[in-house]
Every structure is written in C-alpha cells, then in structure tokens.
Amino acid sequence: MSAGAFGEYAARHIGTSADDQQRMAAAVGVRAGDTVMSTAVPGVIRGLGEAGTAIPQEGVSEAAALAELRELAGRNRVLSPMIGLGYSDTLTPSVIQRNVLENPSWYTAYTPYQPEISQGRLEALLNFQTMVADLAGLPVANASMLDEATAAVEGMLVARRAVRGGSDVFVVDADALPQTKAVLRVRAEAVGVELVEVDLAGGAELPESVFGALVQYPGASGRVWNPQGVIDAVHVAGGQAVVAADLLALTLIASPGSLGADIVVGSSQRFGVPLGFGGPHAGYMVVRQGLERQLPGRLVGVSKDADGQLAYRLALQTREQHIRREKATSNICTAQVLLAVMAAMYAVYHGPDGLRAIAADVQDKTARLRAALVAAGADVVDGAHFDTLRVRVPGRAAEVVAAAHDAGVLLHRADADTVGVSVGEATTEADLAAVARAFGAADAGAASDSPVRGSRETAADRVARTGESIREELRRTEPFLTHPVFTSHRSETAMMRYLKRLADKDYALDRGMIPLGSCTMKLNAATAMASITWPEFGRIHPFAPREDVAGYLELIDQLEGWLADLTGYDAVSLQPNAGSQGELAGLLAIRGYHRSRGDENRDVCLIPSSAHGTNAASAVLAGMRVVVVACDEQGNVDLDDLRAKIAAHAEALSALMITYPSTHGVYEHDVLDITAAVHDAGGQVYIDGANLNALLGHARFGDLGGDVSHLNLHKTFAIPHGGGGPGVGPVAAKAHLAAFLPSHAFAQGEGDTEGIGPVSAAPYGSAGILPISWAYVRMMGLEGLTQATDAAVLAANYVAARLAEHYPVLYAGEEGRVAHECILDLRPLKAETGVSVDDVAKRLIDYGFHAPTMSFPVAGTLMVEPTESEDLAELDRFVDAMIAIRREAERVHAGEWPHDDNPLANAPHTAASALVGEWSHPYSRETGVYPAGVGEAKYWPPVRRIDQAYGDRNLVCACPPIDAFA
Ligand SMILES: *Cc1c(COP(=O)(O)O)cnc(C)c1O
C-alpha cells in the first residue's frame with residue numbers, strides 16, 4: 001500500500017503492502033471483484049450507517065499530529081499542584097521515565113500469562129507486591145488495582161465475601177477522599193450494600209453490626225490519627241477493617257497491618273508516576289493471611305521451572321473472571337502493570353532510606369509552612385500532619401485559592417471557609433513562599449522556626465527530627481524493603497542495567513508478533529506515545545480548575561466525538577479506566593434507565609456462553625442476575641435458546657450482553673434479529689466493543705441495535721498493553737441512556753458533573769494516555785482506520801487459510817471467513833499425538849514467538865489475532881513455525897521421539913539447558929534451541945517450563961530471599 005492515498009502514517013501503521021494484500025487475498029481464495037471484508041461481513045449489516053463528519057476522512061502526517069498536540073498541550077497550564085486529595089506532585093526519576101515509561105520493551109508487553117517469556121515484568125511486579133506488603137504491614141498484595149477509589153470498592157467487596165451473610169452495612173470514614181466516597185456510593189447501591197458515613201476520627205459510634213468499614217489514614221484533611229480503636233470496634237461489630245493508606249506516609253507512621261487492619265488499599269501514584277490529569281496510576285490492595293483467595297486482580301507468585309529453578313508466574317488464577325465468570329472475585333482484567341512497575345522501580349531506586357528521606361522532606365516542608373501560617377495568625381486546623389493542612393479562612397477560601405493560583409500554585413477549596421494545602425516531593429521553596437503569601441503570611445521560610453532552613457541537616461537527621469514530631473505510639477518502628485533488591489540499584493548505572501536486564505528476559509512487541517486473540521496487540525506508534533510525558537499533559541492535577549485544562553478538555557471532546565461517530569452512538573464517557581469498568585458503567589446505565597421508568601424488577605442479563613469472563617462478572621457487580629445463552633456448533637448465539645430465555649425471563653429482562661464480532665471470531669449473521677428480539681421484550685442491548693478492530697469503518701454498533709457499548713482504547717485504539725495495563729474503556733450509548741452515564745463532581749467539562757456519579761477516581765479516568773488514541777485516530781483518519789480493519793481481517797483469514805490443513809479452524813462465518821481472529825482447534829492433535837496446547841505454545845517460544853491466547857474461549861484451542869500491524873514476512877514466519885511444530889508432533893506420533901522426551905514436551909529450551917552437561921535427548925541441540933527459520937529472531941527464554949500447581953500449593957507472593965536462587 002503506498003503512502004498518500006490515506007495519509008502517510010497509515011502506511012507505516014499497516015504492515016502489509018497493496019501487493020502483499022493481493023497475494024494474501026489470493027491465498028484466502030477471495031475472487032476477483034470481492035474483498036475479504038465483502039465476503040466476511042454479512043451483507044445485512046454492511047452499509048447500515050456510516051460515520052458522519054465528526055471524524056476527518058483523511059489522516060494527517062506524524063509531524064502535523066505532533067504539532068496539533070503541541071498546540072493542545074499549550075492550552076493546559078502547568079501550575080504547582082498542591083490540591084492533594086490522593087494526587088501528589090512527584091518526581092519521576094529520568095532513568096525510570098526513559099527506560100520504563102518510554103521503553104517499548106516495557107510498554108508493549110502483554111499480560112504475563114506466558115510466564116516463561118515474562119520473567120522480567122513478573123520480577124518487577126513482585127517488587128511492587130513486596131513494597132506494598134511491607135509498607136502496609138500485611139502479607140499478600142496483588143499486582144495492582146485500577147485506582148484508589150475502585151480499590152476501596154474492591155476492599156469493600158472482599159470484606160463482604162469474607163464475612164458472608166449478616167449485615168449489609170459498610171461504613172465509610174467521613175474523612176475519606178471525596179472521590180472514594182462517591183465511587184463507593186455508586187458501587188454499593190448497585191449491589192445492595194448500605195453505605196453509612198461516620199466521623200471515625202471524630203470518635204462517632206459505629207452501627208451495631210457491619211460487615212466492614214473503610215478508614216482513611218492519614219485522613220483526607222491531612223489529620224494523622226491512630227485508627228486502632230476504630231479497627232478494634234469494626235471487629236467487635238463483626239466486620240473487616242479496610243484502611244486506605246498513603247504509601248509515603250507509611251514510611252514514617254505505623255503500618256495499618258500493625259494496627260489490626262484486614263485489608264489495605266490505596267494509590268502508588270506519588271511513587272514517581274506523573275499525575276496525567278488523573279491517571280493512569282497503580283492502585284494497590286494487600287490483605288491479611290486467610291484472605292488471599294478473596295483477592296481481586298492478578299497476583300504474582302513464586303514457583304519453579306522444569307529444572308527446579310525458581311521462577312515467577314501468576315498465582316491462584318482460578319479466582320479470575322475468565323475462569324470463574326459470574327462467580328469471580330472481581331471483574332478486573334486489565335489493571336495498571338506499567339504504572340506498578342514504575343512505582344516499584346521508584347522504591348528500588350530510592351530504597352527504604354531514600355523513601356524515608358523523601359517523606360521526611362515532605363513532612364518538614366509541611367511543618368514549616370504550618371509554622372509560617374500560624375506565625376501570621378492563620379487558623380490551621382489542629383492535630384498532627386504529614387503532608388496536608390486545612391486552613392480556616394472564614395468566607396475567604398475562594399479568594400486565597402485565587403491568590404495562590406495567580407502565583408502559580410493550585411490549592412484545594414474544601415468549602416467556603418476552608419482551604420486545603422498538600423505538599424509533594426516536587427513542591428519547591430518558591431511554592432511554599434507563594435502559598436504563605438496567598439494566606440497573607442510573609443514567607444514560609446523566613447517565618448519558620450525550623451532549624452533546617454539554611455543549615456546543612458543531613459537526610460538522616462531530618463528523618464530523625466521529623467520522626468520525633470510523630471506521636472510515639474504512631475511512629476513506624478517496623479522495618480520495610482529489607483530485601484536486597486531495594487538497596488542494590490542505587491546508582492543510575494546500576495538502575496539502568498537492572499531495567500535492561502529485566503527487559504531482556506521478556507518478549508514484547510519490540511521482538512516480534514504477539515498474536516493474541518481477544519487482545520489486539522497492534523503497533524503503539526512512537527509518535528502517538530511522544531506527548532504523554534510532556535509536562536502539559538503529565539503534570540496536571542485531575543481536579544485542576546477548568547481554565548487551566550482547556551487543551552485536555554478539547555482533546556477529550558474531540559476524541560469523544562470521533563468515538564461516537566465511529567460507533568453510531570450519541571454520548572461517550574471516557575471515565576472508565578479499563579474495559580471491565582466500561583462494562584460496569586454501561587450496565588449501570590441500563591439499570592438506571594429501567595429504574596427511571598419504574599422497571600425495578602428488570603435484573604436479568606443474558607450472556608452467551610462465548611462471552612469474555614468480564615461480562616458476567618460485571619453484570620453481577622451491576623446488581624444483575626446472569627442467565628447464560630447457548631451457542632450453536634458454528635459458534636453463533638443459538639437463536640432458539642435465546643428466544644426461550646427471553647420468554648422465560650420476559651418481565652425481568654434487563655439486558656443482553658453480546659460481543660460483536662463474537663469472541664469466537666465470527667460475524668454473526670443474525671445479529672439484527674438478536675437485538676430486535678431483545679428490544680421487543682423490553683430489554684436493552686449491550687454490545688461489548690473489544691473486538692471493534694474487526695468492524696471499525698465498516699459497521700457501527702449503534703446501527704446493529706446496540707444501546708450501549710464499551711470500547712477498549714488499549715486494544716483497537718493503539719494504547720499499549722503495558723504488560724497488563726493501563727487501559728481506557730470508554731462507554732458509549734444512545735441518547736436515551738446518556739443521562740445514566742458516569743459523571744464526577746469535580747469534572748471540568750460542560751455537563752460532565754451530571755449523571756449517575758463516578759466509576760473511577762478521576763473525572764476523565766486515565767486521561768494522561770488519551771493523547772495516544774487521539775493521535776492514532778488523527779493520523780489514520782476514517783480511511784486509514786477502515787484500511788486497518790481490512791488489513792487485520794485479511795491477515796486473520798490468511799493465517800487461517802494457510803494453517804487450515806494443519807490445524808482445523810474451529811469457527812467460521814457462512815462464507816468460510818473468520819473476523820479479525822481465528823481459533824485453531826488443537827484437540828484433534830492432542831487426541832492423535834498426545835501433544836497438548838501447552839506444548840505447542842511453549843514450543844513457539846523456541847521459534848521466537850509469543851504464544852496465541854490459550855484455551856480461551858474454548859479449552860484445547862489457540863486463538864490467533866495477527867492485527868494489521870504485522871508485515872507479511874512476520875505472518876509467514878509465524879505460520880511456518882506453526883507448520884514446523886505440527887511436523888514435530890507427527891514425529892512424536894510416529895514414535896521417532898518418545899512422548900516424554902521430545903522438543904515439544906521439553907519446550908521451551910533455555911541456553912543453559914542446551915549448554916550444561918551431557919546432551920541426553922533424542923534430538924539435536926540445534927533442533928532444541930535453533931529450530932528451522934529462527935535465524936536472527938532468536939529469543940532465549942530465561943527459564944524452562946514453569947510448574948503452575950507447585951506455586952499455588954506453596955504460595956509465596958513477595959520477593960524470595962537471594963539464596964532461594966541457588
Ligand atoms: C479485553 C476484553 C474485555 C476486558 O477488557 P479489560 O480492559 O481487560 O477489562 C472484555 N471483553 C472482551 C471481548 C475483551 O476482549
């Protein structure tokens with residue numbers, strides 16, 4: 001395909017040329033005059049509706065897109081953010097920005113489901129878990145949550161499962177972060193939890209019986225208080241104590257675990273992760289012994305490989321939604337891996353002493369500011385403080401905030417009489433002086449009685465001095481981050497090499513294709529990534545005033561308009577920070593709609609058996625009952641069963657949730673009949689849009705009968721997968737549902753404060769990465785996006801056609817075509833030769849590939865999604881490897897190689913396994929490690945096949961001691 005016709009970027013983004021595509025179409029058997037799309041997409045849905053004029057037809061060049069982004073960025077004003085409320089001005093170490101956030105080896109990786117090729121990021125995540133567990137003082141942390149507010153919700157849900165039966169009351173601290181309270185309110189209502197707000201620090205009584213309570217520590221007002229009495233009282237009332245804690249404060253004050261907490265949640269943003277107008281940041285959760293099986297999200301654990309060597313992998317995976325569906329512990333799938341890696345590396349780089357010093361510095365600055373304000377007669381709310389002060393200025397809060405704003409500092413107007421000030425690592429002396437002046441005080445430093453100003457106090461002295469200002473009972477005495485990893489990489493050289501060493505262990509898109517069905521691992525273009533670290537996007541507080549975020553609001557408005565246009569919907573909310581959260585938001589909109597019409601009893605959600613596991617889990621969290629609809633032999637929704645289920649639940653029907661094209665990789669012909677049948681019965685149609693890469697530019701969900709959908713910007717719209725997050729899961733809906741979409745009390749955009757309340761902590765969720773999707777759409781234009789869909793569907797059909805005689809393709813449409821992915825059925829191979837899906841997946845590693853999706857949505861299969869970004873040579877390399885593996889399986893079958901000693905059973909082969917000792921296998925070393933076609937693409941896995949069950953039986957979820965590697 002030549003540049004020019006649809007902008008120069010599209011030709012860079014799409015891997016196959018026009019000539020390639022012609023050859024591929026011929027191989028697929030597309031007749032002259034047809035295209036793969038015209039034969040794959042059912043005629044009834046083609047041309048139903050077309051994108052309008054919101055989205056430009058043609059893309060612009062990379063240079064032009066960057067120039068437009070510069071212009072938008074220029075309309076955001078970077079002021080020193082001292083608003084606090086869970087978001088802190090932090091300093092991202094450059095070594096981490098460059099070698100993690102801006103490094104495709106980290107940001108283009110997939111979720112570590114194939115642990116043998118993911119040891120680097122698994123180690124990084126284990127560092128994260130260890131850091132969180134140490135600071136919180138509890139043993140088992142997960143590998144990240146979506147943000148602090150949703151982590152609090154998950155904490156509430158863990159508490160409810162742990163208590164089981166009894167009270168429906170959950171208490172929230174009056175001094176919790178306002179957005180945490182708001183998200184809790186939305187989520188509690190949906191699942192029948194009675195949320196009761198209590199002034200816990202103020203000593204108010206708990207209700208007699210509760211299943212849990214959330215305590216903010218330190219409080220949102222900055223108050224450092226001892227929650228031990230409240231925690232004890234929660235236990236007496238029969239509940240679990242959830243503590244939302246600030247990780248940096250925990251370096252100085254007693255851990256919640258030591259005070260009796262059962263569950264600790266929070267955000268790791270201030271560990272070096274840019275504010276990004278609200279995200280993405282890694283939330284965290286850590287639990288006491290006994291609750292590990294209730295833990296939501298992914299959990300990294302230690303196990304061993306086939307040589308008995310220590311190795312990492314995801315633990316207790318049977319908790320997750322793709323297996324447990326409506327019985328899952330949570331709907332969270334994509335989390336915040338890249339940001340968790342950044343936060344963990346911040347702790348690795350600074351070490352325990354460095355973190356303590358940063359915390360002491362923050363506390364010292366806060367204390368000096370307080371002294372200056374008090375000296376000038378200001379009324380600072382009493383009590384111990386870490387980084388946040390509340391100052392009473394009767395009737396003058398707006399005036400003080402405005403004065404600070406004029407001086408370049410953002411403060412928080414808590415109410416008409418009270419101003420909040422929060423100090424971060426990046427807060428400067430000039431900022432402190434500006435704040436003091438805004439309150440009418442002379443100067444923070446000058447008025448301060450602090451001994452440090454101008455003196456040469458060492459960091460250790462400052463830690464000691466500020467520590468003394470904390471009440472003795474609350475002073476932290478427990479050690480943390482004692483594992484050598486947190487003290488071994490303190491020079492920049494050592495840090496750079498550590499990050500490189502870990503990245504080298506992993507397989508990401510910078511090595512080769514990641515043909516993951518259901519995940520669209522396409523190019524994450526360098527130009528699209530470029531702007532996210534500009535301070536005009538990175539250093540913006542999510543609650544900054546509207547006048548300072550005009551660039552963001554315009555970018556958001558444009559992107560929403562484009563997405564609405566592309567999907568045939570009327571309203572879009574970018575707030576959900578993963579697909580799972582978009583699903584939940586969409587289902588809550590449906591629920592709200594029914595209730596607004598008096599249909600309180602409509603609570604049944606029909607979900608086909610082929611659906612992604614998040615669908616069922618989200619329906620439960622939206623207060624719905626899941627009824628499964630069968631699929632027929634072609635993988636389509638079984639229409640008879642659908643009609644029967646609709647009839648059986650007619651009065652109670654709330655929604656049907658379908659994925660289009662289906663998770664079986666086919667375009668269902670009957671989709672219009674399906675959506676009509678649901679509407680006829682009074683139900684609403686939710687179309688899961690994660691497979692939009694098969695439809696974009698060709699058909700729109702709104703025209704198929706959808707009422708609401710979520711999209712995954714981290715799949716179709718080029719946001720990188722980050723090793724398992726970040727994500728953005730916008731929810732898009734028809735006009736009648738618009739009033740029930742997420743909103744946020746602090747939203748800056750027109751009308752964005754009106755809706756059902758928030759589902760994420762920040763008004764625009766993970767706004768900091770929206771420039772990536774914006775740039776992608778801007779550079780592709782409607783024509784480029786349409787071409788990308790063509791190329792993606794052609795690539796999937798090409799792979800399916802070339803592999804069909806070696807591995808049967810499980811499902812296809814009426815014309816024998818698949819959509820953007822194909823399911824290869826390996827069950828016949830297993831029956832015939834004994835070679836399993838696992839063997840093939842692990843052998844692909846020897847051939848230099850990331851395995852396709854394994855055993856999802858059908859056990860014993862591989863699901864391949866090549867995407868449009870791979871070139872023909874890479875597609876052929878993959879197909880050739882699959883065929884070569886099939887031949888190897890035949891040699892096992894023929895008895896040439898024993899079943900338990902062959903290149904498949906022993907895969908993957910490490911360098912050590914090929915070099916060390918005597919080679920005793922019935923095949924050559926070359927066959928083992930350098931099979932045909934590998935060439936320069938050779939990737940060496942650092943470990944051999946990992947024993948999953950061993951690790952679950954011997955659960956270890958923190959950094960193992962160094963001698964464990966011996
Ligand atoms: C990926 C996916 C989801 C879940 O999205 P997350 O961002 O991982 O929460 C839901 N449905 C389908 C079909 C998907 O492929």
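Remember, it's a predicted structure, so these values are computed and weren't measured experimentally. Ligands are counted one by one from 1 in listed order, and the atoms in each one are counted from 1 as well.
Using a heavy-atom distance under 4.0 Å as the criterion, the protein contacts of ligand 1 are C333, T334, S518, A578, G579, S580, E583, H612, T614, T659, D688, A690, N712, H714, K715.
Judged purely by distance below 3.5 Å, without hydrogens or angles, the side chains of Y764 and H744 never pair a donor atom with an acceptor atom. In this model, no donor atom of one side chain and acceptor atom of the other lie less than 3.5 Å apart for D603 and S654.
Using bins of under 30°, 30° to 60° and over 60° for the plane-to-plane angle, the ring pair Y569/F701 lands in the tilted bin.
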Verify side chain to side chain contact (heavy atoms under 4.5 Å, CB included) between Q634 and E668, making sure each step is shown before the conclusion. CA-CA 9 Å; Q634 280 78 50; E668 286 173 66; over 6 Å; no

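The list of salt bridge (Lys or Arg N to Asp or Glu O under 4.0 Å) pairs with a residue in residues 685-694, not counting sequence neighbours, is empty.
Note: E583 CD to S580 OG = 6.5 Å, rounded to the nearest 0.5 Å.
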